[in-house]
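Every chain is numbered from 1, with letters handed out A, B, ... down the list of sequences.
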Amino acid sequence: MPELPEVEVTRLGLLQSLPGRRVKKIVCGGKRLRTPLPRALLALHILAGRIVAIDRRAKYLLFRMDNGSVLLIHLGMTGKLGLIPSAEPCAVHDHLRLQLDNNMDLRYNDSRRFGSIMVWPPTEARQMENAFSARLGVEPFSRRFNTRYLRERGRSKKQAVKNFLMDARMIAGIGNIYANEILFGAGIHPLSPVNTISDGEWKRIIHSTRRVLTRAIRAGGSTISDFLGSSGNPGYFQLHFMVYDRAGKQCRRCSTPIGKCIVGGRATYFCPTCQPAGQTI
DNA sequence: CGGCGCACCTGAGTGC
DNA sequence: TGCACTCAGGTGCGCC
């Protein structure tokens with residue numbers, strides 16, 4: 001499900017009612033996610049704590065507790081967070097349940113179990129967050145996401161620009177759907193080698209990235225199969241896809257049939273006219 | 001050492 | 001119906 005917009009929509013939804021709530025009880029499912037659930041740390045640091053803030057870094061959500069600990073959640077491909085009445089029975093693939101002090105649960109559901117849940121203890125949270133953040137690239141809405149940064153990091157790279165955009169160590173939060181949409185908006189072919197992108201093209205990529213992500217967040221994210229915001233509402237940005245999953249259909253801008261190829265093992269869509277193949281790999 | 005292929009999982013869709 | 005097969009929004013490992 002989730003790239004930056006879906007994670008951000010989830011965060012904004014949870015912000016309505018989660019801050020200030022105390023965790024009264026924690027129930028873990030039996031199966032492991034990408035990593036085993038940190039049962040002991042959850043019991044030690046999250047249980048009985050109060051959630052004071054919810055932040056996002058890349059595609060991760062950071063739940064900050066009043067004791068200084070941090071609950072870190074990544075949704076993987078199919079992870080969902082929802083606020084559900086405590087009386088409701090658990091669903092298939094519910095893996096974590098935080099029972100709150102208002103008769104509501106924060107529940108984590110993830111059929112494919114590619115997500116992950118971690119806990120940073122109060123005494124180590126600062127240092128762990130620094131190390132965690134250092135491994136991730138710039139946030140698309142930060143000032144550090146600029147032409148100079150992209151030129152420097154991409155200077156010696158021959159890989160396809162689409163793979164570069166999706167590399168979390170370079171830029172945070174962009175996945176397969178939005179990489180396709182961003183490059184269409186910038187008029188750049190996904191196979192263009194990174195080291196051939198001009199400053200003017202980086203500018204278009206920056207502009208397109210922010211525009212696409214902003215519009216997607218405003219639309220409530222994209223609901224391809226089953227993404228629901230924490231409010232239980234689907235997103236509608238998929239109605240605005242220009243290229244993603246539109247192979248063979250007419251380009252909304254010029255009517256040329258949308259092309260498809262595989263880049264880095266991922267389905268890649270582009271308009272051969274609006275995104276001319278200059279130099280490609 | 002950059003960059004690729006693949007594994008990790010379940011479920012939905014398709015075609016026979 | 002049912003079975004076999006393909007594909008899916010992410011990440012990180014091993015390998016060349």
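- The pair A:Glu3-A:Lys59 does not count as a salt bridge, with every side-chain nitrogen at least 4.0 angstrom from each carboxylate oxygen.
- Relative to the side chain of A:Ala267, the nucleotides C:dG10, B:dC9, C:dA8 differ in distance, and C:dA8 lies closest.
- At B:dC9, none of the side-chain N or O atoms of A:His93 fall inside 4.0 Å of OP1 or OP2 (strictly under the cut-off).
- Taking every side-chain heavy atom of A:Asn163 into account, B:dC4 is the closest of C:dG10, C:dG12, B:dC4.
- Contact check, A:Lys59 against C:dG9: no side-chain N or O comes under 4.0 Å of OP1 or OP2.
- Nucleotide B:dG3 holds its P atom 5 Å from the CD atom of A:Gln159, rounded to whole Å.
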What nitrogen or oxygen pairs link the protein and nucleotides 13-16 of chain C at under 3.5 Å?
none

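- One can find a donor-acceptor pair under 3.5 Å joining the base of B:dC9 and the side-chain atoms of A:Arg112.
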Between side-chain atoms of residues 85-95 of chain A and protein atoms elsewhere (two or more places apart, or another chain), which donor-acceptor pairs fall under 3.5 Å?
residue, atom, partner, partner atom, Å
A:Ser86, OG, A:Asn103, O, 3.1
A:Ser86, OG, A:Met104, N, 3.4
A:Ser86, OG, A:Asp105, OD1, 2.7
A:Asp94, OD1, A:Asn109, ND2, 2.7
A:Asp94, OD2, A:Ala91, N, 2.9
A:His95, NE2, A:His93, O, 3.2
A:His95, NE2, A:Asp110, O, 2.8

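- Atom CD1 of A:Ile262 is separated from atom C1' of C:dC7 by 10 Å (rounded to the nearest Å).
- Between A:Lys157 and B:dG3, a side-chain N or O to OP1/OP2 separation shorter than 4.0 Å is present.
- The side chain of A:Lys158 sits closest to B:dG3 out of B:dT10, C:dT11, B:dG3.
- Counting non-hydrogen atoms under 4.0 angstrom, A:Gly265 reaches nothing in the nucleic acid.
- The side-chain contact (heavy atoms from CB on, under 4.5 Å) search around A:Ala43 returns none, not counting sequence neighbours.
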*asked:* For DNA chain B, please output the secondary structure as dot-bracket, reading 5' to 3'. Pairs are Watson-Crick or G-U wobble, both atom distances under 3.5 Å; mark crossing pairs with [ ], other-strand partners with |, unpaired with a dot.
replied: .|||||||.|||||||

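- Residues A:Leu41 and A:Pro121 share a closest heavy-atom pair of CD2-CG, 4.2 Å.
- Ion pairing between A:Arg144 and A:Glu139 fails under the 4.0 Å rule for side-chain N and carboxylate O.
- Comparing C:dG10, B:dG11, B:dC4 by their nearest atom to the side chain of A:Ser111 picks out B:dG11.
- Centre separation under 5.5 Å together with a plane angle under 30° does not hold for the ring of A:Phe114 and the six-membered base ring of C:dT11, so they are not marked as stacked.
- Rounded to whole angstrom, the span from the CZ atom of A:Arg169 across to the P atom of B:dC1 amounts to 13 Å.
- A:Arg34 has no side-chain polar atom (N or O) that falls below the 4.0 Å cut-off from OP1 or OP2 of B:dA7.
- The shortest distance between the side-chain N/O atoms of A:Tyr244 and the OP1/OP2 oxygens of C:dG9 is below 4.0 Å.
- On the C1' atoms, B:dG11 is 23 Å away from C:dG12, given to the nearest whole Å.
- For A:Arg113, taking side-chain heavy atoms from C-beta onward, the closest of the listed nucleotides B:dC9, C:dA8, B:dG2 is B:dC9.
- Across the P atoms, C:dT6 and B:dC6 are found 13 Å apart, a figure rounded to whole Å.
- Side-chain N/O atoms of A:Arg32 include none lying less than 4.0 angstrom from OP1 or OP2 on B:dC8.
- Listed by chain and number, the residues in a side-chain contact (heavy atoms from CB on, under 4.5 Å) with A:Arg252 are A:Met242, A:Arg246 (sequence neighbours excluded).
- Residues satisfying the side-chain contact (heavy atoms from CB on, under 4.5 Å) test with A:Met65, not counting sequence neighbours, are A:Val23, A:Ile46, A:Ile51, A:Asn67, A:Ser69.
- Note: OH (A:Tyr236) to P (C:dG9) measures 22 Å, nearest angstrom.
- Between A:Glu129 and A:Arg64 there is a salt bridge, since at least one side-chain N of the basic residue sits less than 4.0 Å from a carboxylate O of the acidic one.
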